[in-house]
Protein chains: 2
Amino acid sequence: MSNIKKIDGTYDSAAEPQVRRETSKDRRNRIYKTIRERISLLIYPPNSVIGETELAGEFNVSRTPIRSVLQRLHFEGLVQIRTGVGTVVTDVDLKTMKEVYDLRMSLTELSAELSPIEITEEHILAMESMLERAKNLHGRRDSMGYALLCNDLHEVLMSLIGSKPLQEISDNLYYRSARIWLTMLPNLDWDQIVTDQELETSEMLAAMRRNDLRGMVQVRRFYLHCVLTRISDYLQGNNSLSSRDSLKMSERRMQRGRD
Amino acid sequence: MSNIKKIDGTYDSAAEPQVRRETSKDRRNRIYKTIRERISLLIYPPNSVIGETELAGEFNVSRTPIRSVLQRLHFEGLVQIRTGVGTVVTDVDLKTMKEVYDLRMSLTELSAELSPIEITEEHILAMESMLERAKNLHGRRDSMGYALLCNDLHEVLMSLIGSKPLQEISDNLYYRSARIWLTMLPNLDWDQIVTDQELETSEMLAAMRRNDLRGMVQVRRFYLHCVLTRISDYLQGNNSLSSRDSLKMSERRMQRGRD
DNA sequence: CTATTTTAAGTTGTATACAAATGGTACTTT
DNA sequence: AAAGTACCATTTGTATACAACTTAAAATAG
């Protein structure tokens with residue numbers, strides 16, 4: 001009578017010690033993260049339709065759990081579900097994008113104030129890995145690698161937010177706006193973008209090493225401001241900023257005058 | 001061949017000019033708001049189970065759209081869906097509650113900075129109505145009336161937030177935390193609570209009349225701080241603050257020392 | 001009588017058939 | 001030829017039957 005399922009869901013047999021079968025909730029969460037990543041990496045670009053039946057076939061489930069995931073993505077502003085048409089990946093206009101970025105900048109500063117988290121050696125190691133990856137991006141224009149780096153960097157920064165509600169909101173806002181930056185990447189100077197990323201990561205690392213959480217979020221805030229400015233300038237046909245050399249943190253006061 | 005549905009969904013007949021049949025999305029939204037209000041008014045108190053079949057029967061739909069609504073409420077943190085058990089209205093622990101209130105306080109200040117909105121005569125009229133309702137709450141301990149007033153006041157303040165993302169977040173956080181305040185209302189001094197509400201509304205109205213949005217959010221922030229302090233003190237058995245007289249805005253510096 | 005197992009009732013999760021809506025295409029009419 | 005109309009393929013929305021899960025009570029073994 002061994003090897004029989006017990007009340008708590010574990011098994012007696014030592015052959016499969018703690019491998020619990022994937023629960024329904026876990027599966028939906030896995031599908032959710034998969035689709036969200038595809039949206040963030042532009043595998044599903046803005047305005048593309050993704051279709052419930054297609055996804056149901058790919059993940060070997062019915063439309064029901066797929067619908068659940070897509071509705072979640074809808075509530076989070078990543079897709080738009082149109083009856084009779086399909087599920088369309090949202091495209092963001094400049095005004096909304098500016099609102100999201102302004103909010104992210106403010107929330108980034110907040111995250112250092114509301115229940116801050118201690119910076120550990122693991123965080124620093126993770127960030128060093130990010131710096132290495134940034135350095136390796138020079139030259140080849142690997143948009144996917146850049147996007148993956150941005151996502152992973154975001155994940156590390158999220159783990160430094162102590163307030164859970166703020167963490168969820170920051171995560172939401174990131175995925176809501178990040179892919180728009182990627183869409184206009186092909187039109188910008190690749191080496192400059194990568195250099196920016198490298199500098200930011202490097203300066204963030206320096207702040208982490210002196211246990212300066214407030215300094216970290218300042219670096220992040222400046223990075224967000226820089227991206228927003230580049231986007232605005234590019235969309236308005238004014239490439240003056242994007243043609244400048246990469247900006248170092250020490251010059252940030254020149255760029256940060258409010259409005 | 002008149003009175004036939006046209007491509008754009010309108011009708012030729014003048015008898016029913018622009019009364020479009022309620023669309024699926026509209027119906028789900030209506031059910032969503034209904035259930036959310038019930039949760040906020042403690043008609044569905046924390047830890048109560050609400051059940052999909054029951055709701056489906058009440059709204060004369062199948063479980064499918066009900067599930068859609070409940071999952072939305074789940075993503076927003078208002079309910080917890082447990083397989084085989086039911087949909088349980090979430091209860092919030094003190095730590096989470098403090099995190100939410102701290103965040104709301106910061107976001108309230110932000111809302112005056114990020115794309116502020118002009119205060120109109122309509123806003124002032126709405127707020128005057130709130131003040132009247134607050135005054136009428138004295139004496140009778142009308143918890144439902146108080147809760148409705150809080151919800152309506154929240155709605156007015158939301159309409160003064162220009163940034164749409166910030167507006168959605170503020171709305172979410174309000175409904176996530178407001179009902180917890182209501183649950184402990186029966187144990188507090190009713191007349192004092194009402195007097196607080198009246199004072200806050202009155203001072204907010206004064207700020208609105210001098211077109212001082214920043215002053216408004218300061219009043220609101222103070223109110224949130226006041227509520228949070230009362231909750232903390234009550235839960236720790238220390239009723240020293242709740243036994244004080246109502247606090248006027250002018251005394252707020254005594255209460256606002258950080259931490 | 002106690003501890004364990006079985007059973008049963010009730011709930012959410014999934015699959016599927018069908019209804020409703022959209023957008024394009026071919027056809028008809030003027 | 002141009003405008004309108006009916007049709008149709010495709011997609012999301014809904015209803016419903018069934019599967020999986022949880023809980024508690026009842027039955028059973030010690």
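Protein chains get the first letters and strands the later ones, always in sequence-line order, with residue 1 at the start of each.
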Side chains of Tyr44(B) and Glu37(B), donor plus acceptor under 3.5 Å: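 No, no side-chain donor-acceptor contact under 3.5 Å.
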
Gln80(B) CD to dT11(C) P, straight-line distance once rounded to whole Å: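 From Gln80(B) CD to dT11(C) P: 18 Å.
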
Proximity to DNA chain C (any heavy atom under 4.0 Å), residues of residues 72-79 of chain A only: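 Of all residues in residues 72-79 of chain A, none places a heavy atom under 4.0 Å from DNA chain C.
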
Within residues 30-40 of chain B: residues closer than 4.0 Å to DNA chain D (heavy atoms):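 None - not one residue of the stretch has a heavy atom sitting under 4.0 Å from the strand.
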
Nucleotide-resolved protein contact map, nucleotides 11-18 of chain D, B/S/- at heavy-atom distance under 4.0 Å: BBBBBB--

Thr108(B) side-chain N/O to Arg221(B) backbone N/O, donor-acceptor pair under 3.5 Å: no

Note: Lys164(B)-Glu168(B) ion pair, threshold 4.0 Å (strictly below): no

With a 4.5 Å heavy-atom cut-off, do [X] and [Y] have their side chains touching?
X: Glu22(B); Y: Arg30(B); result: yes
X: Leu114(A); Y: Leu103(B); result: yes
X: Arg28(B); Y: Gln71(A); result: yes

By salt bridge (Lys or Arg N to Asp or Glu O under 4.0 Å) - contacts of Arg27(B) (at least two apart):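 For Arg27(B), no residue satisfies salt bridge (Lys or Arg N to Asp or Glu O under 4.0 Å) once neighbours in sequence are set aside.
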
Pairs involving residues 82-97 of chain B, ordered by first then second residue, that meet salt bridge (Lys or Arg N to Asp or Glu O under 4.0 Å) (sequence neighbours left out): none

Pair listing, salt bridge (Lys or Arg N to Asp or Glu O under 4.0 Å) test, anchored in residues 142-159 of chain A, at least two apart: Arg133(A)-Asp152(A)

NZ or CZ of Arg104(B) within 45° of Tyr174(B) ring axis and under 6.0 Å: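 No cation-pi geometry.
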
